[in-house]
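Data block below; observations after.
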Amino acid sequence: SLLPPEDKMKQLPAATIRLLSSSQVITSVVSLVKELVENSLDARASSIDVKLESYGFDKIEVRDNGDGIKAADVPVMAVKHYTSKISSHEDLQSLQTYGFRGEALGSICSIAEVSVTTKTSADDFSTQYVLDSCGHITSQKPSHLGQGTTVTVHKLFKNLPVRKQFYSATKKCKEEIKRVQDLLMAYGIIKPDLRIIFTHNKAVIWQKTRVSDHKMALLSVLGTAVMSSMVPFQHQCEDSEVLLNGFLPKPNSNYTLTSLSSPDRSFIFINRRLVYQKDILKLVRLYYNLMCSKDSIHSYPIFFINIIIPASAIDVNVTPDKTQVMMQNKESVLLAVENVLMSLYGNLPGILLVENNN
Ligand code: ADP
Ligand code: MG
C-alpha cells in the first residue's frame, strides 16, 4: 500500500530517540543497580552501599567511597556518550573497566529522577547535583558526604508505564530483590576486597565484609557447608594467553541445586565481568551430571569459573547489558574448561562437545 504524500519519512524527536535507547539500557531495577555498581567499581571503590526502598520504585541509591567525579567532568557526567574510560574504539582492545559507552547515567536520567553527590580527594566538601532528563545539572548544593559518589534515583520508569506496572507485581518485585542480591554476590566473589551492604526498606538483605581472596569471598557468599564440597582449580592454556581458575563441586557433592527455581549459583566471569556463557554452563552441567549425579537427577552444580583473557581477544559490546561476550579463541577456552572438568570428574567416552560446537 502506498503512503499518503504527507506521511513523509521524518527524523524522530531527540527526546524520543533518548527514551527509546535509554529504555533498552535500563530494563529493570537490577540492570540499573548493575550499571551503578560497575561505575563504583570502575572508580576503584572498596565499599558499596546499595539501598532500595519499595523495591526500588521509591528509591534506589548506590553509594561508594571511590575516586569521585572531578569538577571539570561533572557537567557532562550524565550526558550520553561522555565517558572518562575510553577515548576511541581502539581503546576497547585494552579495556580494563566495566563501562565504556557513557550511556548509563544519561539513560537513567531519561527514565527517572536522578541526583549525584560526589567528592574527589581534591575537593574540600561534597556537592549534590540534581539532573534533568537530558543529564544536565539543574541545581547544586554542598553536602556532608565523604569522598566518593552517591547516585540517588527516584520515580523509576516514570515515563514507561508498562514496565512500571510489569515490575510492580508483588511476585516480580520480590524476584528483583533476589536478583539484585545475586548480582551483588557475584561482584562480592570477583572482588574479594570489596565491602557490600544491600538494604531494602532499611533492613539488611545481604552484606559482605572485605576478605583476602576468592576462596574467602565464596565462603561468605555460599557458606561453609557448600564450600567444604568445592575444590579449587587453575589452568593455563598452552596455545593462548588464557588463564582459568575457580572452584568446582567435588564429585558427588551434596550441595548442588536440584532445580533452577533456586537462585542460580553458577558464576562465570570473563575478565571480572559476570557473563552468560551457555556453552560453558552446558559443559559443566554435562560433565557433572554424567559423571557424578547420584540418582541421575538432573542437578545444577554450584561453581565459579574465572577466565582471564587478553582484552583484545574479546568483544563485550554485543548487548546493552554486556552479559554476552564474544571470544576470539572460544574453542580453546572451551577446551580448557573441558580439560579442567575431565581432570576433576573423569573422561566422558565418546563425547567431544567442544568439537561439536564448531
Ligand atoms: P561509562 O561508565 O560507560 O563511562 P556512565 O554513564 O556509567 O558511562 O558514567 C559516565 C561517567 O561518569 C563515567 O565515565 C565516570 O567518569 C563518571 N562516573 C559515573 N559514576 C561514577 C562513580 N560512581 N564514581 C566516579 N565516577 C563516576
Ligand atoms: Mg557506567
Side-chain angles (χ1 to χ4, degrees), residues 28-68 98 104 108 116-119 126 144-154 156 167 172-230 246-247 255 257 262-269 272-274 302-304 306:
S28 59
V29 171
V30 68
S31 72
L32 195 155
V33 171
K34 178 174 189 279
E35 292 297 337
L36 296 182
V37 166
E38 292 191 344
N39 280 346
S40 297
L41 293 174
D42 285 343
R44 305 182 301 164
S46 63
S47 174
I48 299 181
D49 284 30
V50 177
K51 286 187 194 149
L52 302 190
E53 276 170 32
S54 301
Y55 302 98
F57 289 102
D58 280 354
K59 182 173 167 177
I60 301 175
E61 189 169 271
V62 174
R63 173 168 305 176
D64 69 52
N65 64 347
D67 294 333
Y98 288 108
I108 298 168
V116 177
T117 306
T118 196
K119 178 186 178 305
S126 62
H144 66 280
L145 297 179
Q147 187 186 321
T149 303
T150 301
V151 179
T152 309
V153 179
H154 292 286
L156 178 64
Y167 284 111
K172 202 77 203 154
C173 277
K174 291 190 172 147
E175 273 172 31
E176 283 290 292
I177 296 287
K178 276 277 156 228
R179 288 180 66 207
V180 171
Q181 180 180 344
D182 291 349
L183 179 84
L184 296 176
M185 283 178 162
Y187 290 110
I189 291 170
I190 202 65
K191 300 272 184 187
D193 54 1
L194 179 68
R195 171 194 159 278
I196 306 175
I197 298 192
F198 172 37
T199 59
H200 177 232
N201 295 340
K202 305 212 157 63
V204 176
I205 303 290
W206 182 74
Q207 62 181 315
K208 172 192 165 286
T209 56
R210 292 183 189 122
V211 293
S212 54
D213 55 23
H214 290 316
K215 185 180 182 186
M216 297 302 287
L218 279 162
L219 254 173
S220 78
V221 167
L222 300 173
T224 30
V226 174
M227 271 312 277
S228 67
S229 73
M230 306 274 277
F247 283 79
Y255 293 100
L257 308 168
S262 6
D264 189 10
R265 291 287 177 263
S266 47
F267 299 101
I268 304 172
F269 295 86
R272 293 178 196 81
R273 203 181 283 281
L274 183 67
I302 296 167
F303 66 92
F304 160 58
N306 184 21

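Side chains are part of it too, since the values below use all heavy atoms of this structure and drop only hydrogens, waters and symmetry mates.
- For Gly66 against Gln147, the heavy-atom pair with the smallest separation is O-NE2, 3.0 Å.
- Using a 3.5 Å distance cut-off with no hydrogens or angles, the side chains of Asn65 and Ser46 do pair a donor with an acceptor.
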Before you tell me yes or no, could you show the steps for Trp206 and Val221 under side chain to side chain contact (heavy atoms under 4.5 Å, CB included), namely the whole-Å CA-CA distance, both residues' side-chain angles and the distance that decides it to 0.1 Å? CA-CA 9 Å; Trp206 182 74; Val221 167; 3.7 Å; yes
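- Exactly one residue among Asp49, Thr150, Thr149 makes a side chain to side chain donor-acceptor pair (under 3.5 Å) with Arg63. That residue is Thr150.
- For the side chain to side chain contact (heavy atoms under 4.5 Å, CB included) test with Gln207, the passing option among Thr209, Val204, Ile205 is Val204; the others fail.
- Taking 4.0 Å as the cut-off between side-chain N and carboxylate O, Lys178 and Glu175 do not count as a salt-bridged pair.
- Distance CD1/Ile177 to CG/Asp182: 11.5 Å, rounded to 0.5 Å.
- Note that the CE atom of Met227 and the CG atom of Leu218 stand 4.5 Å from one another [nearest 0.5 Å].
- Taking every heavy atom of both residues into account, Gly188 and Ala217 meet most closely at O-CB, 3.4 Å.
- Contact check for Lys202 versus Glu53: side-chain heavy atoms found under the 4.5 Å cut-off.
- Around CE of Met216, the count of heavy atoms belonging to other residues, nucleotides or ligands within 6.0 Å does not exceed 12.
- Atoms CZ and OH, on Phe267 and Tyr187 in that order, are 12.0 Å from each other to the nearest 0.5 Å.
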Are Ile60 and Val29 close enough, and set up right, to give a side chain to side chain contact (heavy atoms under 4.5 Å, CB included), and what steps lead you there? CA-CA 8 Å; Ile60 301 175; Val29 171; 4.0 Å; yes
Determine, step by step, whether Phe198 and Ile48 satisfy the side chain to side chain contact (heavy atoms under 4.5 Å, CB included) criterion, reporting the C-alpha distance in whole Å, the side-chain angles of both residues, the deciding distance to 0.1 Å, and the verdict. CA-CA 9 Å; Phe198 172 37; Ile48 299 181; over 6 Å; no
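- Lys208 places a side-chain N or O within donor-acceptor distance of the main-chain N or O of Leu194, the cut-off being under 3.5 Å.
- Inter-residue side-chain proximity for Ile197 and Lys51 is flagged as unmet; no heavy-atom pair is nearer than 4.5 Å.
- Remark: of the listed residues Arg179, Lys174, Lys172, Arg179 is the sole one forming a salt bridge (charged side-chain N to carboxylate O under 4.0 Å, His left out) with Glu176.
- Tyr98 places no side-chain N or O within 3.5 Å of a backbone atom of Ser40 that could act as its donor or acceptor partner.
- Aromatic ring pairs are classed by plane angle as parallel below 30°, tilted from 30° to 60° and perpendicular above 60°; the pair Phe247 and Phe304 is parallel.
- By the 4.5 Å heavy-atom criterion applied to side chains, Leu36 and Ile108 are counted as neighbours.
- Shown here for Leu184 and Ile196, the closest heavy-atom pair between the two residues is O-CD1, 3.4 Å.
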Passes salt bridge (charged side-chain N to carboxylate O under 4.0 Å, His left out), Lys34 versus Glu38? Steps please. CA-CA 6 Å; Lys34 178 174 189 279; Glu38 292 191 344; 3.3 Å; yes
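- Among all heavy-atom pairs drawn from His214 and Asn306, the shortest one is NE2-ND2, 3.7 Å.
- Looking at Lys215 and Met230, their side chains never come closer than 4.5 Å, going by heavy atoms from C-beta outward.
- With values rounded to the nearest 0.5 angstrom, Ile189 atom CD1 is found 5.5 Å from Phe269 atom CZ.
- Closest non-hydrogen pair, Thr152 versus Lys59, comes out as CG2-CE, 4.0 Å.
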